[in-house]
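One structure is given below, encoded as structure tokens.
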Amino acid sequence: MQSSEDTIVPSGRSDGSPAQGAHDVRTTKSDWLNLAIQALIEDGIDQVKIQVMAKKLNVSRSSFYWFFESLQDLHDQLLQNWLRKNTDPVVEHAMRPAPNINRAILNVFQCWVDGRLFDPKLDIAVRIWARRDPSIRAVIDEADRRRVEALTAMYRRYGYNEENAFIRARVLYFMQIGHYTLDLDEALDVRVSHVPAYLLAFSGQEPEPEDIAAFDEFIARFTSREGEAKG
């Protein structure tokens with residue numbers, strides 16, 4: 001069997017030329033996985049089907065098995081992708097050093113702004129999937145535990161006792177997940193305008209002007225990059 005990075009080329013005649021009517025279509029494992037993620041987000045797990053994806057990729061159904069042992073294997077890798085994309089960055093940003101708790105919270109806020117660090121649509125899609133599959137629910141519960149645990153540790157580093165740190169971590173995390181679940185149509189500049197009040201609510205401490213200035217710089221870099229990408 002080929003490695004996951006090999007490509008699939010439809011079989012042709014013995015002289016190496018494509019068979020009559022065949023297309024020289026090449027796919028990678030990433031093509032299949034990205035298409036599966038798109039289908040999961042847009043249509044739900046029931047539409048993550050080998051035949052449907054093969055048709056969209058313009059390859060034979062058998063091409064799928066060069067990269068995945070089964071549909072269950074694809075499901076497992078979808079979950080691992082979600083964990084890497086949506087949990088690891090939250091944990092890493094919560095662990096980053098910062099001069100005070102508000103700056104530490106702003107480190108985490110970067111995940112809520114930058115879709116490369118946290119994909120809310122993917123998060124919601126996986127949670128909907130879990131409603132019908134207890135095994136997926138268990139994976140989500142573990143991811144939520146890791147995220148809240150990292151945020152709790154963040155608060156503890158700045159002098160909050162265990163109970164206070166845990167509850168503040170839950171408030172911070174549950175609020176953001178709820179924000180995504182409600183699918184609020186709120187412009188980024190509007191959300192950013194509320195950052196000082198959010199910080200006061202989450203930390204109990206008024207943010208320093210330099211804290212807000214540092215986050216404003218991050219937002220400026222982010223919006224500039226997004227504008228370049230769209231342009």
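For the atom pair OG (Ser135) and CG (Leu79), the distance works out to 7.5 Å, reported to the nearest 0.5 Å. Annotation: the span from Trp32 atom CH2 to Phe68 atom CZ amounts to 8.5 Å, rounded to 0.5 Å. Between Phe218 atom CZ and Gln110 atom CD the span is 4.0 Å, to the nearest 0.5 Å. To the nearest 0.5 Å, atom NZ of residue Lys85 and atom CG of residue Leu83 are 13.0 Å apart. Distance check, rounded to the nearest 0.5 Å: CG of Asn107 to NE2 of His93 gives 6.5 Å. Distance check: Gln38 CD to Leu33 CG gives 12.0 Å after rounding to the nearest 0.5 Å.
The closest side-chain heavy-atom distance from Tyr198 to Phe109 is below 4.5 Å. Using a 4.5 Å heavy-atom threshold, the side chains of Arg127 and Ile177 count as touching. Side chains of Leu151 and Met154 form a contact here, defined as non-hydrogen atoms less than 4.5 Å apart. Residues Trp66 and Thr27 have side chains not in contact (no heavy-atom distance under 4.5 Å, counting atoms from C-beta outward). Put simply, the side chain of Val90 reaches to within 4.5 Å of the side chain of Phe118, judged on heavy atoms. When side chains are defined from C-beta on, Val148 counts as touching Thr152, because their heavy atoms get closer than 4.5 Å. Residues Arg132 and Asp46 have side chains in contact (heavy-atom distance under 4.5 Å, counting atoms from C-beta outward).
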(request) Please test Gln80 against Asp76 for side-chain hydrogen bond (donor to acceptor under 3.5 Å, both in side chains), starting from the C-alpha separation and ending with a verdict. (result) CA-CA 6 Å; Gln80 289 304 312; Asp76 293 343; over 6 Å; no

(message) Show, in sequence, the C-alpha distance, side-chain angles and deciding distance for Trp82 and Ile140, and conclude whether the side chain to side chain contact (heavy atoms under 4.5 Å, CB included) test is met.
(response) CA-CA 10 Å; Trp82 168 72; Ile140 286 181; 3.7 Å; yes

(message) salt bridge (Lys or Arg N to Asp or Glu O under 4.0 Å), that's the test. Do Lys56 and Asp43 meet it? Break it down for me.
(response) CA-CA 15 Å; Lys56 289 182 178 180; Asp43 304 308; 5.0 Å; no

(message) Apply side chain to side chain contact (heavy atoms under 4.5 Å, CB included) to residues Arg103 and Glu210 and explain how you reach the verdict.
(response) CA-CA 9 Å; Arg103 193 73 69 90; Glu210 54 266 31; 3.7 Å; yes

(request) Begin with the C-alpha distance, continue with both residues' side-chain angles, and end with the deciding distance and a verdict on side-chain hydrogen bond (donor to acceptor under 3.5 Å, both in side chains) for Asp123 and Asn86. (result) CA-CA 7 Å; Asp123 216 65; Asn86 278 20; 3.0 Å; yes

(request) Report the C-alpha separation of Ile101 and Arg168 in whole Å, then their side-chain angles, then the decisive distance to 0.1 Å, and conclude whether the side chain to side chain contact (heavy atoms under 4.5 Å, CB included) test is met. (result) CA-CA 12 Å; Ile101 182 58; Arg168 287 182 183 276; over 6 Å; no

(request) Would you check, one step at a time, whether the test side chain to side chain contact (heavy atoms under 4.5 Å, CB included) holds for Phe166 with Asn161? (result) CA-CA 8 Å; Phe166 175 61; Asn161 64 41; over 6 Å; no

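Nearest heavy-atom pair across Pro99 and Tyr158 is C-CE2, 4.3 Å. Taking each heavy atom of Phe67 and Asp73 in turn, the nearest pair found is O-OD2, 4.3 Å. A pairwise comparison of heavy atoms in Ile136 and Val126 identifies CG2-O, 4.1 Å as the closest pair. In plain terms, the two heavy atoms of Asp211 and Leu106 that are nearest each other are O-CD1, 3.3 Å. Heavy atoms only, all atoms of each residue included: Cys111 and Pro89 are closest at SG-O, 3.7 Å. Minimum heavy-atom separation, Asp114 to Phe222: CA-CE1, 3.7 Å.
Between the Asn102 side chain and the Glu208 main chain, no donor and acceptor come within less than 3.5 Å of each other. A donor-acceptor contact shorter than 3.5 Å links the side chain of Tyr160 to the backbone of Ser203. The backbone N or O of Val190 sits less than 3.5 Å from a side-chain atom of Ser193, completing a donor-acceptor pair. No donor-acceptor pair closer than 3.5 Å links the side chain of Thr87 to the backbone N or O of Arg84. With hydrogens and angles disregarded, no donor-acceptor distance shorter than 3.5 Å links the side chain of Ser224 to the backbone of Ala220.
Taking a 6.0 Å sphere around CD of Glu69, one finds it holds 12 or fewer heavy atoms contributed by other residues, nucleotides or ligands.
With hydrophobic clusters built from ILVMFWY side chains whose heavy atoms lie under 4.5 angstrom apart, Val113 does not share a cluster with Leu117. When the side chains of ILVMFWY residues are joined at heavy-atom separations under 4.5 Å, either directly or via intervening members, Trp112 and Val91 end up in two distinct hydrophobic clusters. Note on Ile124: it does not cluster hydrophobically with Ile45, by side-chain heavy-atom contacts below 4.5 Å among ILVMFWY residues. Placement of Leu172 and Met95 in two distinct hydrophobic clusters is found when ILVMFWY residues are connected by side-chain heavy-atom separations under 4.5 Å, directly or transitively. No continuous path of ILVMFWY side-chain contacts below 4.5 Å connects Leu200 to Ile105, so the two sit in separate hydrophobic clusters.
Ionic pairing of Asp141 and Arg137 is present here: one or more N-O contacts between side-chain nitrogen and carboxylate oxygen are shorter than 4.0 angstrom. Arg146 has no carboxylate O lying under 4.0 Å from a charged side-chain N of Glu142, or vice versa, which leaves the two without a salt bridge.
His75 and Trp129 have their aromatic ring centers within a separation under 6.0 angstrom.
Between Arg147 and Tyr173, the side chains place a donor N or O and an acceptor N or O closer than 3.5 Å (distance only, hydrogens not considered).
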